Amino acid sequence: MNLWTLLVLVAFAAGASAQSCSCKTMKWAACEDNPCRCTLLVDSNVKQALDCDKLIPKCFLMKGEMYRAKKGLDTRTIGGKPTETALVDNDGIYDPDCESDGKFKAKQCNNTEECWCVNSAGVRRTDKDDKSLKCEKLVETFWVRLQLKHKPTAGAVDGAKLKAAITDAINKRYDNFDKNLVDEVEYDPDARLIVVDVKKPKGDRVKDLTNMAYYMEKDVKALPLFNDQNEFAPTVGSQKLEMENILVYYVDEEAPTITMKHLTGGIIAVIVVVVLAVVAGLLILFFARKRQNQQYNKTQQREMENL
Ligand SMILES: *[C@@H]1O[C@H](CO)[C@@H](O)[C@H](O)[C@H]1NC(C)=O
């Protein structure tokens with residue numbers, strides 16, 4: 001073996017080991033060699049250790065994104081409901097408080113005086129209140145609805161093959177995601193709408209739906225969190241389905257307690273008018289009755305006198 005071959009081999013080995021030390025599930029992770037360890041910067045000088053063999057907990061991801069947004073690096077946004085009580089993340093991103101295992105703390109304040117309670121997906125499920133707000137426990141999201149719209153395709157999409165294709169794509173891209181959790185897939189070809197219901201039994205605290213949903217949301221919004229920067233594009237028969245947008249609904253084990261604050265002014269005005277009309281009607285009825293009774297009493301009295 002001559003010197004050149006040796007140098008080439010050494011360079012190759014170095015290159016290979018450098019390449020192997022990267023974080024598959026988090027493109028912003030910083031990794032160090034020997035042994036390969038990856039971290040995510042979540043605040044100035046705060047590095048969160050990552051397990052890159054798994055999907056990174058959403059709480060850590062949001063923290064990292066928030067930090068990047070603060071630093072002006074780069075970063076998110078998000079519209080039927082599976083149930084009346086389903087939540088949509090309208091608040092957008094905040095700087096979450098995470099447990100050491102990556103779960104969300106039940107109470108979140110975004111470093112302000114205003115706090116609220118979140119579900120296991122970190123989505124707000126109560127009204128905002130001051131710091132004294134109590135959140136007894138983290139309420140689990142057991143059902144996630146992914147509402148996907150795909151881009152126009154050259155040929156027709158085979159609806160019969162859709163569920164298997166979507167389930168397979170989810171399983172492959174999101175860390176071997178349990179196929180049994182993909183409960184139902186509905187398809188509206190005219191609207192190009194695919195509705196995927198992902199559910200686990202109530203009470204299950206082992207499986208998690210929300211990390212997968214977050215990675216998919218980012219993939220569809222063309223901001224993949226994975227190092228590979230691929231897209232979520234299931235192949236159905238011979239058609240590759242590229243996604244145009246996504247809306248995620250969260251259903252919790254307990255109904256959220258967000259009040260009707262978000263009712264529009266118009267609806268509130270209609271409710272007020274109806275209530276006023278009912279009260280006015282009742283008052284009119286009441287006085288009419290009273291007058292009738294008085295008249296009745298008077299005639300009765302006169303009749304008695306005649307006798
Ligand atoms: C959290 O705080 C940041 C500013 O630090 C703000 O931009 C963001 O809208 C807040 N998020 C929520 C949900 O209140």
Side-chain angles (χ1 to χ4, degrees), residues 26-28 39-48 55-79 81 85-141 143-147 208-225 245-265:
M26 183 67 251
K27 61 178 173 179
W28 297 321
T39 55
L40 179 66
L41 208 54
V42 293
D43 208 341
S44 336
N45 300 318
V46 183
K47 289 178 180 171
Q48 175 62 52
L55 297 183
I56 310 301
K58 182 178 172 185
C59 196
F60 291 159
L61 293 171
M62 272 173 68
K63 241 184 141 46
E65 283 171 85
M66 205 57 204
Y67 178 68
R68 294 181 70 84
K70 220 162 55 188
K71 291 268 145 192
L73 289 163
D74 88 65
T75 44
R76 104 180 202 175
T77 39
I78 299 210
K81 278 194 169 192
T85 56
L87 292 166
V88 175
D89 183 4
N90 288 318
D91 291 352
I93 193 164
Y94 58 91
D95 185 14
D97 286 325
C98 311
E99 305 282 1
S100 59
D101 63 356
K103 290 202 167 73
F104 285 91
K105 291 215 164 127
K107 182 173 161 184
Q108 297 289 342
C109 308
N110 196 23
N111 306 321
T112 65
E113 295 299 308
E114 229 187 6
C115 302
W116 60 88
C117 307
V118 299
N119 58 21
S120 60
V123 174
R124 183 161 69 88
R125 46 172 280 116
T126 66
D127 291 326
K128 291 185 178 175
D129 207 338
D130 58 28
K131 285 220 148 180
S132 66
L133 177 74
K134 292 262 181 304
C135 306
E136 281 182 7
K137 58 172 183 202
L138 186 70
V139 178
E140 191 81 6
T141 299
W143 178 5
V144 170
R145 172 169 288 181
L146 307 156
Q147 202 167 287
D208 176 83
L209 315 176
T210 59
N211 294 336
M212 179 278 282
Y214 200 58
Y215 272 85
M216 189 192 281
E217 202 184 316
K218 295 293 191 178
D219 277 345
V220 172
K221 287 175 177 167
L223 302 161
L225 293 161
N245 62 44
I246 183 169
L247 179 62
V248 184
Y249 291 100
Y250 303 88
V251 185
D252 297 346
E253 290 185 356
E254 289 168 27
T257 59
I258 293 188
T259 56
M260 307 210 297
K261 254 185 200 163
H262 54 276
L263 277 188
T264 58

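All figures in this text were calculated on a predicted structure; none of them were measured in a lab. Numbering of ligands and ligand atoms starts at 1, following listing order.
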Short side-chain to backbone donor-acceptor contact, Arg125 and Glu254, under 3.5 Å: yes
Atoms in ligand 1 flagged as close to Lys128, the criterion being non-hydrogen separation under 4.0 Å: 14 (O)
Side-chain heavy-atom pair Ile56, Tyr215 within 4.5 angstrom cut-off: yes
4.0 Å protein heavy-atom contact status of atom 7 (O) of ligand 1, strictly under: no
Main-chain N/O of Asn211 paired to Lys58 side chain as donor or acceptor, under 3.5 Å: no
Pairwise side-chain contact, Val248 with Asp89, heavy-atom cut-off 4.5 Å (strictly under): no
Asn110 N/O under 3.5 Å from ligand 1 N/O: yes
Residue part near ligand 1, for Ile93, under 4.0 Å between non-hydrogen atoms: backbone
Subset of ligand 1 atoms that lie under 4.0 Å from at least one heavy atom of Met66: 3 (C)
Beyond-backbone contact of Trp116 with Asn110, side-chain heavy atoms, under 4.5 angstrom: yes
